[in-house]
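Chain letters run A, B, ... following the sequence lines, proteins first and then strands; every chain starts at 1.
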2 protein chains.
Amino acid sequence: MTQTLPDPAHNHKLCISQALTTAEQLCGARGVQLTPIRHQVLELIWASHKAVKAYELLDLLKPLQHAAKPVTVYRALDFLIEQGLIHRVESLNAFVGCRCSDKQHEQLLLICKHCQEVEERYAPEVMSALSEEINKAGFTVHSKAIEIQGVCTACRHLPLPQSNGQTT
Amino acid sequence: MTQTLPDPAHNHKLCISQALTTAEQLCGARGVQLTPIRHQVLELIWASHKAVKAYELLDLLKPLQHAAKPVTVYRALDFLIEQGLIHRVESLNAFVGCRCSDKQHEQLLLICKHCQEVEERYAPEVMSALSEEINKAGFTVHSKAIEIQGVCTACRHLPLPQSNGQTT
DNA sequence: AGGCAATTGTTATAATATAACATGCTTACT
DNA sequence: AGTAAGCATGTTATATTATAACAATTGCCT
Ligand SMILES: [Zn+2]
Ligand SMILES: [Zn+2]
Ligand SMILES: [Zn+2]
Ligand SMILES: [Zn+2]
């Protein structure tokens with residue numbers, strides 16, 4: 001039930017095939033169309049566990065869809081987000097595959113500044129504390145985004161890529 | 001110690017003067033310059049508890065600083081963020097005054113889709129659960145952003161502003 | 001005076017995202 | 001068949017958000 005880390009040595013082809021199969025099944029069950037463009041964009045996002053930018057996706061999509069324009073990608077992204085198949089990473093203006101499309105979306109994202117990989121964690125304790133706090137405030141939730149920037153275990157001992165070394 | 005809601009009837013001039021005084025003191029103590037431009041941008045952000053966009057700030061700043069350009073605003077924003085005097089609201093590409101510049105930055109933001117006001121809450125239970133989860137993941141934190149989108153108490157009984165399904 | 005750091009000015013452009021309208025394609029009903 | 005409606009996509013243009021690169025200014029230290 002607990003999410004596993006995207007171990008560098010894991011079988012990522014399995015991640016991809018699982019994600020695509022789940023997406024096809026969910027869309028079928030919901031009566032929405034996972035069209036070729038949408039399927040391709042989802043597959044491109046799942047090429048890795050890194051967050052991907054819309055215009056990077058556009059460049060990758062162009063060879064497959066000659067007519068692809070920015071709006072082509074954004075429409076596919078909108079669809080995939082609506083269907084819960086990907087997450088938008090607000091703090092990066094980027095997108096990442098969702099590992100729990102068929103379960104709850106808890107959206108606790110650990111974002112590595114070094115390798116750009118994003119780990120989505122199922123964190124019921126955090127979420128219940130959060131829900132309680134939100135209730136205390138009398139606030140009605142539409143969506144939650146919890147994004148933690150930092151360095152993952154795999155990159156812990158590596159120097160940061162050249163940035164201004166700011167930390168909070 | 002608990003944050004208070006930005007009650008619609010509160011004395012907002014007091015919010016502003018407290019924020020500016022705190023900012024001046026902190027910058028003085030840290031030996032950094034709260035220059036006129038930076039001070040003005042901070043004051044413009046504190047005009048309300050709503051999240052403000054950079055180009056809105058630019059329009060507001062221009063009458064005060066004839067030479068103001070986008071980069072003028074972004075530089076001031078960068079400074080204010082570094083000093084912890086404002087928060088960037090990632091999910092809106094906007095900015096809001098920080099109510100706890102001199103204390104811990106816990107950055108749990110409740111963002112009302114109706115009135116755009118942002119409430120910053122001090123939520124130690126959430127934060128400790130979150131820290132524990134992050135430790136479990138072996139992740140090294142640089143910064144956290146917890147952004148909840150929804151509807152605040154004040155707006156609870158009002159219809160949402162025209163989002164899409166406007167049929168009247 | 002000369003040098004350095006910090007701030008601001010200036011011009012240009014990059015990066016991200018959406019508006020508006022046209023076209024095609026399937027489905028469902030007449 | 002005709003045709004209206006819904007949806008996906010194509011096409012063109014533009015809006016919005018953010019940064020790069022370099023010059024000028026200011027205040028301070030030696
Ligand atoms: Zn994988
Ligand atoms: Zn990493
Ligand atoms: Zn106030
Ligand atoms: Zn509200």
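Rounded to 10°, the angle separating the first-five-pair axis and the last-five-pair axis of the helix from C/dA1-D/dT30 to C/dT30-D/dA1 equals 10°.
Taking A/Glu24 as the reference, A/Leu20, A/Leu34, A/His39 meet the side-chain contact (heavy atoms from CB on, under 4.5 Å) condition, with sequence neighbours excluded. Residues passing the side-chain hydrogen bond (donor to acceptor under 3.5 Å, both in side chains) test with B/Glu43, sequence neighbours excluded: none. Under the rule for a side-chain hydrogen bond (donor to acceptor under 3.5 Å, both in side chains), the partners of B/Ser91 that lie at least two apart in sequence or sit in another chain are B/Glu147, B/Gln149.
Heavy-atom minimum distance, B/His49 versus B/Val96: O-CG2, 3.8 Å. Taking both residues in full, the closest heavy atoms of B/Cys27 and B/Leu85 are given as SG-CD1, 4.1 Å, listed atom of the first, atom of the second, then distance. Taking both residues in full, the closest heavy atoms of B/Val41 and B/Ala76 are given as CG2-CB, 3.8 Å, listed atom of the first, atom of the second, then distance.
For the pair B/Gln83 CD and C/dA6 P, the computed distance is 13 Å after rounding to whole Å. Rounded to a whole Å, the CD atom of B/Gln40 is 16 Å from the P atom of C/dT7. Here C/dT8 presents its C1' atom at 15 Å from NE2 of B/His66, a figure rounded to the nearest Å.
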Between side-chain atoms of residues 66-75 of chain B and protein atoms elsewhere (two or more places apart, or another chain), which donor-acceptor pairs fall under 3.5 Å?
from    : atom 1 : to      : atom 2 : distance (Å)
B/Thr72 : OG1    : B/Lys69 : N      : 2.8
B/Thr72 : OG1    : B/Lys69 : O      : 3.1

(request) Go along nucleotides 7-22 of chain D 5' to 3' and tag each nucleotide: B for a protein heavy atom under 4.0 Å from its base, S when only backbone or sugar atoms are that close, - otherwise. (result) SSBBBB----BBB-B-
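To the nearest 0.5 Å, atoms CG (B/Leu60) and CD (B/Gln65) are separated by 13.0 Å.
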